[in-house]
Amino acid sequence: MEVSNVKSLLDEGYVVLDVREPAEFMLGTIEGALNIPRGILEVAADRQYTGRREELMDRDKKWLLLCASSGRSAMAAAVMQQMGFKNIKNINGGIAAWKAAGLAVKVPPQT
């Protein structure tokens with residue numbers, strides 16, 4: 001899915017899931033994005049795991065996956081589909097394509 005389609009999908013209720021590492025995420029992301037690194041995605045989405053992320057429990061929720069260039073997010077999309085997620089789209093080119101298109105990048109607040 002191209003970066004030019006992101007706004008319309010956000011208007012349809014999709015949420016950006018940024019699967020980059022926290023340090024990458026803190027350099028800037030799409031406004032409203034949730035950060036769950038690719039390396040912990042499976043456990044974060046596992047309904048049986050006590051450390052699960054509640055945001056990932058609804059398998060019908062609409063997700064737009066983002067990483068640096070779309071490699072990690074493509075892998076994350078495949079895994080999430082195997083786990084039963086139904087509405088998954090990968091943002092082609094990742095944050096690099098987003099920035100190249102001149103779209104706004106939001107720096108999350110430091111915690």
Side-chain angles (χ1 to χ4, degrees):
M1 195 261 323
E2 303 304 318
V3 295
S4 59
N5 299 328
V6 170
K7 171 129 178 40
S8 65
L9 291 171
L10 291 173
D11 291 343
E12 291 177 25
Y14 277 82
V15 176
V16 176
L17 176 59
D18 190 326
V19 297
R20 296 177 297 155
E21 294 299 312
E24 295 173 284
F25 178 77
M26 295 307 293
L27 295 174
T29 190
I30 297 173
E31 186 166 358
L34 172 67
N35 180 226
I36 300 177
R38 169 66 194 98
I40 64 165
L41 184 60
E42 289 90 335
V43 295
D46 183 346
R47 290 178 171 150
Q48 305 305 312
Y49 180 62
T50 56
R52 68 184 174 267
R53 294 289 299 265
E54 291 303 318
E55 301 97 331
L56 296 176
M57 295 302 100
D58 180 358
R59 297 307 197 242
D60 292 320
K61 190 169 183 175
K62 299 175 180 180
W63 292 105
L64 296 174
L65 274 60
L66 177 74
C67 70
S69 62
S70 71
R72 285 174 283 181
S73 56
M75 291 187 312
V79 165
M80 289 178 77
Q81 287 170 338
Q82 289 174 348
M83 294 181 80
F85 288 86
K86 297 172 182 67
N87 300 298
I88 304 294
K89 296 188 183 293
N90 184 32
I91 299 174
N92 295 337
I95 197 73
W98 184 264
K99 289 177 180 178
L103 299 167
V105 174
K106 174 79 173 170
V107 176
Q110 301 286 328
T111 56

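Between Phe85 and Leu56, the shortest heavy-atom contact is CZ-O, 3.2 Å. Closest of all the heavy-atom pairs between Ala44 and Met57 is O-CE, 3.6 Å. Annotation for Arg38 and Ala76: closest pair CD-CB, 3.8 Å, computed over non-hydrogen atoms. Scanning all heavy atoms of the two residues, the minimum distance from Pro108 to Thr29 falls at CG-CG2, 4.2 Å. In terms of heavy-atom proximity, Ile30 sits nearest to Trp98 at CG1-CE2, 3.6 Å. Listed here is the closest heavy atom pair of Arg52 and Arg47: NH1-O, 3.3 Å.
Leu10 places a side-chain heavy atom less than 4.5 Å from the side chain of Val16. Contact of the Glu42 side chain with the Val79 side chain is registered, since non-hydrogen atoms from C-beta on lie closer than 4.5 Å. Side chains of Leu65 and Met80 form a contact here, defined as non-hydrogen atoms less than 4.5 Å apart. Considering only heavy atoms from C-beta on, Arg59 comes within 4.5 Å of Met83 through its side chain.
One finds the CG atom of Leu64 at 4.5 Å from the CE atom of Met1 (value rounded to the nearest 0.5 Å). From Arg20, atom CZ reaches atom CZ of Arg72 across 7.5 Å, with rounding to the nearest 0.5 Å. Put simply, CD1 on Ile36 and CZ on Arg53 are 4.0 Å apart, with the number rounded to the nearest 0.5 Å.
Counting non-hydrogen atoms of neighbouring residues, nucleotides and ligands closer than 6.0 angstrom, the NZ atom of Lys106 reaches no more than 12 such neighbours. Heavy atoms from other residues, nucleotides or ligands lying under 6.0 Å from NZ of Lys7 number 12 at most. Surrounding CD of Glu31 are at most 12 heavy atoms belonging to other residues, nucleotides or ligands under 6.0 Å away.
The residue from Leu27, Leu66, Val3, Leu103 that alone fulfils the side-chain contact (heavy atoms from CB on, under 4.5 Å) condition with Ile95 is Leu66. Each of Leu41, Ile88, Ile91 was evaluated against Leu17; a single residue qualifies, Leu41, per the side-chain contact (heavy atoms from CB on, under 4.5 Å) test.
With hydrogens and angles left out, the side-chain atoms of Ser70 and Asn92 include no donor and acceptor closer than 3.5 Å.
Cluster annotation: Ile40 and Trp63 are assigned to the same hydrophobic cluster (Ile/Leu/Val/Met/Phe/Trp/Tyr, side-chain heavy-atom contacts under 4.5 Å, transitive).
Remark: side-chain polar atoms of Asn35 are paired, donor with acceptor, to backbone N or O of Asp18 under 3.5 angstrom.
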